[in-house]
Amino acid sequence: MRTKTFLAALVSGVLATTHLASAETPLRYSSFVPATHFMNEGAFLPWAEDVAKATDGRVTIDMTPKVIGSAASQYDALADGLADIAIFVPGYTPGRFDLAGLGELPMLTEDPEIGAVAFQRLYDTYLAQTGMFRDVHVLAAFTVSAGHFFTRNVELTGIDDLKGLKIRAAVPSTVPLLTALGAVPVQKPVTELYELLASGAMDGSVSGLDQVVSFKLAEVTDHATIVPGGLFNTVLVFAMSQTAWDRLDPADQQAITHLSGEALARRVGAAFHKPIETGIATMQEKGKTVDRADEAFVTAITERAAPVEAAALEMAAKKGLADPKAVMTWYRRQIADLTQP
């Protein structure tokens with residue numbers, strides 16, 4: 001009888017503990033950009049509010065006062081359970097997530113919303129099955145604003161103007177492109193961008209126009225050269241630690257999934273429209289030049305970019321992606337379909 005009583009009490013205690021655990025699950029969100037950054041204000045923090053509503057307050061998300069670790073270590077912060085949710089840039093750890101670089105190839109799209117949704121589809125259809133982010137639970141995978149040239153003293157009018165310039169490369173996929181264009185690439189995270197340019201350590205950068213606002217590029221560069229289609233599109237991933245995900249109630253997991261994926265990617269992409277417009281206006285207001293590369297310049301870039309893409313497809317095949325050329329054709333078709341009015 002005492003054994004039955006003890007077992008009943010034990011089961012009752014376990015059930016009570018489970019109920020308390022499911023009553024509210026606070027999650028820590030680590031971000032290497034501040035709360036005021038438009039990705040947070042326009043996408044991730046409103047998403048967090050929607051998650052709280054959709055789960056009737058059972059899942060709450062609080063942004064940590066400062067990033068846990070560094071911009072380059074966010075994937076590991078999730079994998080090690082130091083953070084529950086984080087944004088990470090696969091390209092900040094070269095050689096680790098190379099397949100993500102397919103979304104960063106030149107001349108894909110200038111529209112951040114189209115790029116974000118198209119890459120989410122690419123990830124869902126082809127890349128997720130490779131297990132490239134197997135240590136975390138991916139909530140959304142997307143590209144952000146297209147990269148263009150920003151230079152300090154040299155106004156770019158053609159390919160020859162790039163020769164010998166030290167240009168900050170945003171992600172690994174931009175390194176071979178800049179080399180092919182005659183520049184000297186140095187890969188550094190965006191958090192170091194302002195200091196590199198202000199100190200004169202770099203002659204320029206390939207960056208999104210939104211970074212004029214978020215990283216004060218108008219203060220440290222003189223010229224912006226817009227390349228139709230963009231020189232690259234940086235891939236970002238918004239993910240949850242697998243441990244944090246596994247402890248959620250299945251109904252709450254379903255609610256979060258409904259708010260994530262393509263819906264969240266579109267939300268992030270849309271958040272970039274206004275900062276891009278503001279970035280162009282800010283450069284012009286400060287007396288800096290903003291020009292679009294002419295046809296001859298674009299043709300030269302396109303010709304030199306072709307071997308870069310060929311090498312990326314060869315890499316993807318070695319990494320186990322079946323028929324990378326067909327995958328890129330499919331990806332470009334998604335972008336074209338999304339571009340249609």
Is a salt bridge present between Arg292 and Glu110, judged by a nitrogen-to-oxygen distance below 4.0 Å?
yes
Can you find a heavy atom in the side chain of Ser30 that is under 4.5 Å from one in the side chain of Val67?
yes
Do His223 and Thr289 have side-chain atoms, one donor and one acceptor, less than 3.5 Å apart?
yes
Ala293 and Val298: which non-hydrogen atoms are nearest, and at how many Å?
O-CG2, 3.7 Å
Do you know which two heavy atoms are closest between Gln253 and Trp245, and how far apart they sit?
NE2-O, 2.7 Å
Can Tyr29 and Asn40 be said to form a side-chain contact (heavy atoms from CB on, under 4.5 Å), step by step?
CA-CA 11 Å; Tyr29 166 41; Asn40 282 320; 2.6 Å; yes
Applying side chain to side chain contact (heavy atoms under 4.5 Å, CB included) between Ile280 and each of Val212, Asp210, Leu209, report the one that passes.
Leu209
If I compare all heavy atoms of Gln211 with all of Ser214, which pair ends up nearest, and what's the gap?
CA-OG, 3.4 Å
Carefully, step by step, assess Glu309 and Arg332 under the rule salt bridge (Lys or Arg N to Asp or Glu O under 4.0 Å).
CA-CA 13 Å; Glu309 178 160 337; Arg332 285 191 165 95; 2.8 Å; yes
Can you find a heavy atom in the side chain of Asp246 that is under 4.5 Å from one in the side chain of His137?
no
Considering all heavy atoms, the nearest Pro46-Arg267 contact
CB-NH2, 3.4 Å
So does Tyr126 get a backbone contact from the side chain of Thr130, meaning a donor-acceptor N/O pair under 3.5 Å?
no
Check: Met107 and Val227 side chains under 4.5 Å, non-hydrogen atoms:
yes
Do Thr143 and Phe232 have side chains that get closer than 4.5 Å, going by heavy atoms?
no
So does Lys166 pair up with Asp203, basic N to acidic O under 4.0 Å?
no
Any side-chain heavy atom of Leu102 sitting closer than 4.5 Å to one from Met328?
yes
Full working for side-chain contact (heavy atoms from CB on, under 4.5 Å) between Asp135 and Leu78
CA-CA 8 Å; Asp135 302 312; Leu78 289 173; over 6 Å; no
Can you find a pair of side-chain heavy atoms, one from Thr157 and one from Phe297, that are under 4.5 Å apart?
no
With distance as the sole test, does Asp98 use its side chain to make a donor-acceptor pair with the main-chain N or O of Gly95 at under 3.5 Å?
yes
Heavy-atom donor-acceptor pair, Arg58 side chain to Leu248 backbone, under 3.5 Å:
no
For the backbone of Thr221 and the side chain of Lys288, can you confirm whether one donor and one acceptor N or O come within less than 3.5 Å of each other?
yes
Before accepting this row, confirm whether a basic side-chain N of the pair Glu314/Lys318 lies closer than 4.0 Å to the acidic partner's carboxylate O.
yes
Would a 4.5 Å heavy-atom cut-off, applied to side chains only, mark Thr25 and Asp249 as touching?
no
Could you please spell out the steps behind the salt bridge (Lys or Arg N to Asp or Glu O under 4.0 Å) verdict for Arg96 and Asp76?
CA-CA 12 Å; Arg96 194 172 182 186; Asp76 290 324; 2.8 Å; yes
Check: Thr278 and Phe38 side chains under 4.5 Å, non-hydrogen atoms:
no
Minimal non-hydrogen separation, Val308 against Ser173, with atom names:
CG1-O, 4.5 Å
